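Only a predicted model underlies this, so the values are computations on that prediction, with no experimental measurement involved. Atoms within each ligand, like the ligands themselves, are counted from 1 in listed order.
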Amino acid sequence: MTKGLASPKTCLRSVLIEEDGIHRLARGGGRRTMNIHEYQAKEILGRYGIAVPRGRLAVSARDAAITADEFGGHVVVKAQIHAGGRGKAGGVRFAATRDEAASLYEEFLGMRLITRQTGPEGARVRRVYIEEALSIAKEYYLSLSIDRKHARIALLASAAGGGDVEEASQGAFARVLIDPCLGPTAHSMRALAVSLGLESACRRMFFGMVQKLYEVFTSCDCSLLEINPLARLSDGRLLPLDCKISFDDNALFRHSELLAYRDIEEGAPEEFEASKYGLTYVKLDGDIGCMVNGAGLAMATLDALLLRGGTSANFLDLGGGASKEAVRKAFSLIIEDRRVKVILINVLGGIVRCDVVAAGVAEAIAEASTASYALPKRHIPIVARFAGNRAGEGRSLLEAIKDDVFPIRFAETMDAAATLAAEAAGAEGRR
Ligand code: GDP
Ligand code: MN
């Protein structure tokens, strides 16, 4: 295993953006992150001593009614999905009685919620959160994120918080870069509070909250922590009414406690499946399934394809010590993707042995052709290029496979392989 090496997997897991036909590591918003639900984010805030509205995840309509009773009848019923804009889309509604809370629960559960952040297909609501309804005097926006250019955590705040914040002009936001040696300072936070128009009684609360949010952000390796709205209540309290947190995927290995928050049903289940086998798999838009070892080579392969007019259906890094099992899994993930017309295998044998990869592929092919759940027969040509450790043995193993669904061709170089794969995809498209 390659555990001891300066882990390319860690830095390259934050795959991929394509700019001007060149693939490179994603930066900023394109980084890989793990998102969690609002109620989970609030649970984390609570753990760091930040006051949040009383709330509970309802498990049934009856439970929703009981929760409403407990919170004095008036509650906010909130659909939990990994996207914002719920308020405007009807995913955040008020209930004045226990019965209303129960019927909103029924209505929400299983509903497909389409907000401006979900895309037209929307997101299915699988969890419903019930919160005490509070009386808002004013809504603010507050977020912490990473400014890569300045290598600082940036605090963004606005008095134009709430559902319309996306329409607010740039001038409505104040931005403060936080010095990592000092953290948020009383001085800069006071200035910020003043610019937000917070009255003096509220400024100390604001500073206290920012300090704790900063602690959450840094201790949990967040990539985004957004509170919108941060509400000034009629009774004078300052409370986060909504909270969105994203974590940097690359740091999750040191936060096993956060992994429990992962909601596999949200996001791409294949990516999660792959991660269990030590594979890094990311779905892309094209139709050529790629199986490559090493993230750098995987990216180079995508570029080579693009250069030859092909588009990749995925990024897949087998990793340093991929086992036959992992290869088999990788292959089945690729062929389960209905868009895949051609498979390109590009392996540079080093620690990974080409014959082990070939053996995994052979098993996966045997499995696909015998399985009772067999995929409807398709024709998926494979182009394979092996180089390095046991390349010859790997090739021999693949040559022995005679399967109508997966006819295999070989290429000596990466470019030749990319050319063949792109041509084959074009030909398959015309079939
Ligand atoms: P989002 O639209 O997905 O960002 O969902 P939010 O949780 O931000 O809720 C949308 C809006 O509902 C907020 O901007 C608030 O105006 C309102 N809201 C949420 N919780 C409460 C609450 O406890 N009391 C009141 N009065 N309004 C709330
Ligand atoms: Mn919100």
Side-chain angles (χ1 to χ4, degrees), residues 35-46 50-58 64 67-98 100-101 104-105 107-109 111-145 156-168 172-173 196 209 213 222 224-246 263 266:
N35 298 323
I36 59 173
H37 290 293
E38 172 198 6
Y39 79 93
Q40 298 167 324
K42 283 175 170 166
E43 200 174 287
I44 293 174
L45 297 193
I50 300 167
V52 294
R54 287 185 298 160
R56 212 164 64 204
L57 201 66
T67 307
D69 283 342
E70 199 177 307
F71 294 161
H74 280 264
V75 288
V76 193
V77 182
K78 308 186 84 174
Q80 300 295 293
I81 55 171
H82 284 182
R86 297 164 302 163
K88 294 233 147 132
V92 176
R93 307 249 295 273
F94 290 87
T97 65
R98 67 192 318 273
E100 271 177 45
L104 277 175
Y105 172 89
E107 189 183 323
F108 276 15
L109 198 69
M111 143 177 106
R112 195 161 275 284
L113 190 60
I114 303 172
T115 80
R116 62 181 162 211
Q117 289 184 16
T118 58
E121 70 283 1
R124 192 168 297 286
V125 179
R126 295 186 177 85
R127 304 177 197 199
V128 179
Y129 191 51
I130 315 272
E131 221 171 42
E132 60 178 331
L134 299 161
S135 162
I136 304 176
K138 168 108 185 103
E139 298 186 327
Y140 301 89
Y141 173 95
L142 181 65
S143 74
L144 294 165
S145 59
L156 196 64
S158 174
D164 292 323
V165 75
E166 284 169 46
E167 278 88 60
F173 290 88
L196 290 176
M209 178 171 302
L213 291 174
C222 298
L224 174 74
L225 196 172
E226 183 185 70
I227 297 186
N228 185 37
L230 170 64
R232 173 81 158 145
L233 303 181
S234 314
D235 64 14
R237 284 184 292 161
L238 192 65
L239 228 54
L241 293 196
D242 186 15
C243 181
K244 177 185 165 71
I245 300 183
S246 306
D263 187 341
E266 307 268 338

Are Cys243 and Leu225 close enough that some pair of their side-chain heavy atoms sits under 4.5 Å apart?
-> yes
Student check: side-chain heavy atoms of Glu131 and Lys78 closer than 4.5 Å | yes
For Tyr141, all residues meeting ring-ring contact (aromatic ring centres under 6.0 Å, His included), sequence neighbours excluded | Phe173
Are a donor atom and an acceptor atom from the side chains of Arg56 and Tyr129 found within less than 3.5 Å of each other?
-> no
With sequence neighbours excluded, tell me which residues meet salt bridge (Lys or Arg N to Asp or Glu O under 4.0 Å) with Arg86.
-> Glu38, Asp242
Rounded to the nearest 0.5 Å, the CD1 atom of Ile130 sits from the OG1 atom of Thr67 at a distance of 6.0 Å
State the NE2-CG distance between His82 and Asn35, to the nearest 0.5 angstrom.
-> 6.0 Å
Yes or no on side chain to side chain contact (heavy atoms under 4.5 Å, CB included) for Leu230 and Leu238, after CA distance, side-chain angles and deciding distance?
-> CA-CA 7 Å; Leu230 170 64; Leu238 192 65; 4.0 Å; yes
For ligand 1, list every N/O pair with the protein closer than 3.5 Å, one pair per line with the distance.
{"residue": "ligand 1", "atom": "2 (O)", "partner": "Arg86", "partner atom": "N", "Å": "3.1"}
{"residue": "ligand 1", "atom": "2 (O)", "partner": "Gly87", "partner atom": "N", "Å": "2.8"}
{"residue": "ligand 1", "atom": "3 (O)", "partner": "Gly85", "partner atom": "N", "Å": "3.1"}
{"residue": "ligand 1", "atom": "3 (O)", "partner": "Arg86", "partner atom": "N", "Å": "2.8"}
{"residue": "ligand 1", "atom": "3 (O)", "partner": "Arg86", "partner atom": "NE", "Å": "2.7"}
{"residue": "ligand 1", "atom": "4 (O)", "partner": "Asp242", "partner atom": "OD2", "Å": "3.0"}
{"residue": "ligand 1", "atom": "5 (O)", "partner": "Arg86", "partner atom": "NH2", "Å": "3.1"}
{"residue": "ligand 1", "atom": "7 (O)", "partner": "Lys78", "partner atom": "NZ", "Å": "2.6"}
{"residue": "ligand 1", "atom": "7 (O)", "partner": "Arg86", "partner atom": "NH2", "Å": "3.1"}
{"residue": "ligand 1", "atom": "7 (O)", "partner": "Asp242", "partner atom": "OD2", "Å": "3.4"}
{"residue": "ligand 1", "atom": "8 (O)", "partner": "Asn228", "partner atom": "O", "Å": "3.1"}
{"residue": "ligand 1", "atom": "8 (O)", "partner": "Asp242", "partner atom": "OD2", "Å": "3.1"}
{"residue": "ligand 1", "atom": "14 (O)", "partner": "Glu139", "partner atom": "OE2", "Å": "3.4"}
{"residue": "ligand 1", "atom": "16 (O)", "partner": "Glu139", "partner atom": "OE2", "Å": "2.4"}
{"residue": "ligand 1", "atom": "23 (O)", "partner": "Glu132", "partner atom": "O", "Å": "3.4"}
{"residue": "ligand 1", "atom": "23 (O)", "partner": "Leu134", "partner atom": "N", "Å": "3.3"}
{"residue": "ligand 1", "atom": "24 (N)", "partner": "Leu134", "partner atom": "N", "Å": "3.4"}
{"residue": "ligand 1", "atom": "24 (N)", "partner": "Leu134", "partner atom": "O", "Å": "3.0"}
{"residue": "ligand 1", "atom": "26 (N)", "partner": "Leu134", "partner atom": "O", "Å": "2.9"}

Is it true that Glu70 and Arg54 make a salt bridge, defined as a side-chain N closer than 4.0 Å to a carboxylate O?
-> no
Protein N/O/S atoms under 2.8 Å of the Mn ion (ligand 2)?
-> Asn228 O, Asp242 OD2
